[in-house]
Number of protein chains: 2
Amino acid sequence: MSPDAAMSSANALLIHIEPSDKGESLQSQIRRQFVDNILSGALPGGRKLPSSRKLAMQLRVSRNTVVLVYNSLLEEGFLVSRERSGIYVNDQLKASKPEKISTPLRPSAGSALRLPGRFQGTSHHSLARNWRDYRYPFVDGVFDISLYPVRELKDANARANASSEILQWSQLQHDCDDPMLVEQIQTRILPRRGISASANEILITAGSQQALYLLMQLLVDGDTQVAMEEPGFPEARELIRQRTDKLRYQHLDLQGMVVDHNLDGCHLIYTTPSHQTPTSVTMSLSRRQALLQKATQQDSLILEDDFEFESNFLGQPHPALRSLEGGHRVVYLSCLSKVLAAGLQISFVVAEAEVIAELRKLRKLVGRTPSLNNQRTAAYFLSLGYYDAFMMQVHKTIYERWLTLREALNIYLPNSINTGPIFGGSAYWITGPKELDDSYLLDAAAKQGILLEPVRKYFAAGDAPKNCFRMGVTSISADRIKEGVRRLAQLIRELVADHEENLSNAKGRLLSQAELEKRLPGMTLCCEMVYGVPCEIRLLADGRMQGETGGYNPEADTGRWWVKDGMYYRQWQLWGYGETHGYYVIVDGTQMKWFDADYRLVRKLEIV
Amino acid sequence: MSPDAAMSSANALLIHIEPSDKGESLQSQIRRQFVDNILSGALPGGRKLPSSRKLAMQLRVSRNTVVLVYNSLLEEGFLVSRERSGIYVNDQLKASKPEKISTPLRPSAGSALRLPGRFQGTSHHSLARNWRDYRYPFVDGVFDISLYPVRELKDANARANASSEILQWSQLQHDCDDPMLVEQIQTRILPRRGISASANEILITAGSQQALYLLMQLLVDGDTQVAMEEPGFPEARELIRQRTDKLRYQHLDLQGMVVDHNLDGCHLIYTTPSHQTPTSVTMSLSRRQALLQKATQQDSLILEDDFEFESNFLGQPHPALRSLEGGHRVVYLSCLSKVLAAGLQISFVVAEAEVIAELRKLRKLVGRTPSLNNQRTAAYFLSLGYYDAFMMQVHKTIYERWLTLREALNIYLPNSINTGPIFGGSAYWITGPKELDDSYLLDAAAKQGILLEPVRKYFAAGDAPKNCFRMGVTSISADRIKEGVRRLAQLIRELVADHEENLSNAKGRLLSQAELEKRLPGMTLCCEMVYGVPCEIRLLADGRMQGETGGYNPEADTGRWWVKDGMYYRQWQLWGYGETHGYYVIVDGTQMKWFDADYRLVRKLEIV
């Protein structure tokens, strides 16, 4: 082999071809490595390259492949061709390197940086960064990858990046939004909440946080009296506090934010009516009307944060505040599903045109319009129906998990917790026994791979209840929920064991085998489900059993019961996963108590 | 035709197929129209659909096409299949509509919205919104679509959205940047400016405005003494003014921002050293060192806004302030080419890790990380070498336009304007005759389709010079530049005609044919180009002519000269587009003046 041939061999060129299992074409591999080597200086300017025929032989690829790579590199100026001599690395490329590189000195230890605008507030991590390491991540708001609509987004993205499309959106003014996306939001998203809006009443933002930031900048200054829910959304509270000290906290009941004199004189009322953050309570229609009436009387603005309306599973979605009478004083904020947020950070604000125009100016000051390629991708994702199909799938999955969690809580923790009558959402606000110490529980649960969400950050004051926590289902598969809750129940029982009744210290009388056989047939019992609805159980004389719940969505089941070895046994068809369980029974007046084989109190019921 | 068949005909379904010239497949067209009709209610829930065989016949497409559409809609829940009965529109879809839609009332005329955070500053539109309507748009910073790397961006985008990639970046924490993009910036962008940085010294932002906003939030409060260049970048000035009143303006010379006692005690110095905004002056190396020394002495931070370093065409790029000794007190800000900004708003900040960590917190507060799909797209655009190839092409194009503009200015306005000795950039800062009224000129030019950039916004004080304007080349094709400048020159001459010398009122003696023939041969003349470099012209006795310029990049040309009808004629090979021009000549001591056929002064020269 001649020295020249050695010089121009593929090895000397540092070009290596790998089997194309990664989907990268041969041409692309060769091209990329040439560019790398040229830019790193491994192939210096002026270096002669082997002929396409030689290189093709050495790399064992077709000559055409090499010719195509050479041509593209020639066209782009990486290589130059000299007549009758060959192809060389362009030696003009060097000119774009600076004369010398000097390493910056590290600052002396004594000199502290002056950063007066250092963020002084509380940075709320909604969850542990390493939540994926937990076997039972009961988290809310982050999504497992299984829900990401990979194929559909790819398709929408490819359409948005067709040449003809790029020519369109790349020429839009920087403070405009993509008219195609605005139209899709007008026609496909807003009507579901009863909202109609013209294009100048809509602003697209890069995520909900940007929208909230802009809104607080515009709507709040030091003289603005603001009210928000307590417990409430900590990110919103932080943004309001950065602007004003005049922040009142308003309590909640089962209809949502309370409307009373505490709201008197408020210029701005921030609320999350669809599913209150963090309790998931949905504001009732009458409460919505009362809130709007109050706002109208005293000329307040309402900021309706509807970040999660897509997960309103049960019942009819309520119309947005913005869609009701008096809705012109509502600034409505929502977003496309959070599942998409890593790629498409699309949120939007709907308000009077004047508000939108001012927000647009602030958006320009703060940064720029959400990327127009992503706006167009979102527009296609909507217009092709992918968004609807995707949301149906997300609903189905989250709803299934949500029901599974409810059932597990009802089975394993019927006596010690309650969640309130929540109609949907993706998380439960759980109130445990009053002796519970949340920080101890959360730590102990974490050690067993169970990640629960602490709720302190939702409270402005220091008096957060210590017996509450949250459990979300956006990232735990349904098949792990039951086992996670079973372990959690075990833990909670151990933590509060000293305070709990057990078979040996409970008030009342333990029924014997004979007493059970005599008293139970024909008996009707009443209890409350952990989710706050009553349940009636009838023990028929023939051994059959009927159960029925109250509440918004009543459910019914049938089963069998019997008595054996001094215990009452039962098995539902559907409830309790259809498993068989036996209990010792103590009666105390009209109250009946069930204890498990370990003598632990499982449930209290009323004898009707 | 039976009623049933009529019901299920393609027309009744509102499905229309168009020839696929738009590239949309038949399947996609049918699918999209089904979804539209289902969601709009045109195809109500419970409606039975025709069999795939019937529909295929009616639409004249293959049955397989219809089957595939039906299957995808079934899978996604738009349709349901009932055994032995057929396919129906899912009537559960209705449930996601709200009960009723009420139109919001318009606010009463009397009630004004309370928007205390209304943006009070000046919103700077860098150019007329309708700039595309001008035939000669001498604008800067917006780009004609011809430069957009459509194909390469599509490829990078497709790679970034491959399934395996999406799985990666969609799982990144929300306040992280894409590690692949950070690495590309570390290895491909920063070394050209001599900067080395570790990953925790780099923050990606959604465009330069977001970076500047975050930086001003962090680095400036009411007590911070800031200095910036005057004239200077209005967006930066606006952001500083929102934070502090203590803003000093520092003047410039041909080496860039002056370093003197006016900077004493400044906590933060904002500068644009690569190409000063708006004058395009490049800060000399010695001035850079002086600035860093000053900053070190008094413990100042420097904010180095290097938004445009890619257009440093002529000469070696200077190393960034951040790369020099003392560079740890420099916060460096730059971006990918602005040509890409509509799709990829990628800017970045390089600073000490502590600064970056604080910026990251503020970025979280203000909004979110720049979309990760776009970060990954940018990373591929860089790693595949597309960015380098693209920037070479942009350089070439802009540089050609920039030279064309310089030549045109030198030919048509040699006597009345100057641009200063500028080495690159994409715009000229033009100083016209002192009698010029810019607002009148800009209006008059606009009426002729010539768009010039006013410069008042670059001055903080009200004393902006009235005889200056800017001309940019980022969006005008080279072939229109000459004609645009010719028309502009005509206009300027008309505007300042009263103040200009002409053949009849000029001091000195008009040379006759005989005097020209006697005195010119062997004469050497000196003049100054509009861009501030000297030019020497030798008229040889044999009719040849030699010209040579000084300056950083000397140029030379040869040509011919002769005398005819009492005028001096000349024709260069390259200069002056190789055109022939004749002049009347007046000599006044050692000064020579040339007048055109309309007796207007064209140029003054010195006889050496």
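These numbers come from the heavy atoms of this one structure, side chains and all, not from hydrogens, waters or symmetry mates. Letters A, B, ... mirror the listed sequences (proteins, then strands); counts begin at 1.
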**Q.** Presence of salt bridge, A:Glu352 and A:Arg322, under 4.0 angstrom
**A.** yes

Q. Would you call A:Asp299 and A:Arg329 a salt bridge, using N to O less than 4.0 angstrom?
A. yes

With only heavy atoms counted, which part of [X] is less than 4.5 Å from chain B, the side chain, the backbone, both or neither?
X	value
A:Asn161	both
A:Val330	neither
A:Leu239	side chain
A:Ser383	backbone
A:Phe390	neither
A:Asp223	both

Chain A: which of [options] shares the most heavy-atom pairs with it under 4.5 Å?
options	value
B:Leu362, B:Asn373, B:Leu268, B:Ile166	B:Asn373
B:Asn157, B:Leu219, B:Leu340	B:Asn157
B:Met216, B:His267, B:Arg151	B:His267
B:Gln217, B:Gln393, B:Arg376, B:Arg243	B:Gln217

[X] and [Y]: which non-hydrogen atoms are nearest, and at how many Å?
X	Y	result
A:Ala206	A:Pro370	N-CG, 3.4 Å
B:Glu238	A:Leu365	CG-CD1, 4.3 Å
B:Asp221	B:Thr244	O-CB, 3.3 Å
A:Arg360	A:Asp175	NH1-O, 3.0 Å

(Q) For chain B, which candidate among A:Leu73, A:Thr224, A:Val220 shows the most heavy-atom pairs at distances under 4.5 Å? (A) A:Thr224

**Q.** Most contacts with chain B, counted as non-hydrogen pairs under 4.5 angstrom, among A:Leu359, A:Val150, A:Leu153, A:Asp388
**A.** A:Asp388

Q | Polar side-chain atom of A:Arg363 near backbone of A:Thr205 as donor-acceptor pair, under 3.5 Å | A | no

Q. Please walk me through it: do B:Ser208 and B:Ser347 pass side-chain hydrogen bond (donor to acceptor under 3.5 Å, both in side chains)?
A. CA-CA 5 Å; B:Ser208 302; B:Ser347 295; 3.1 Å; yes

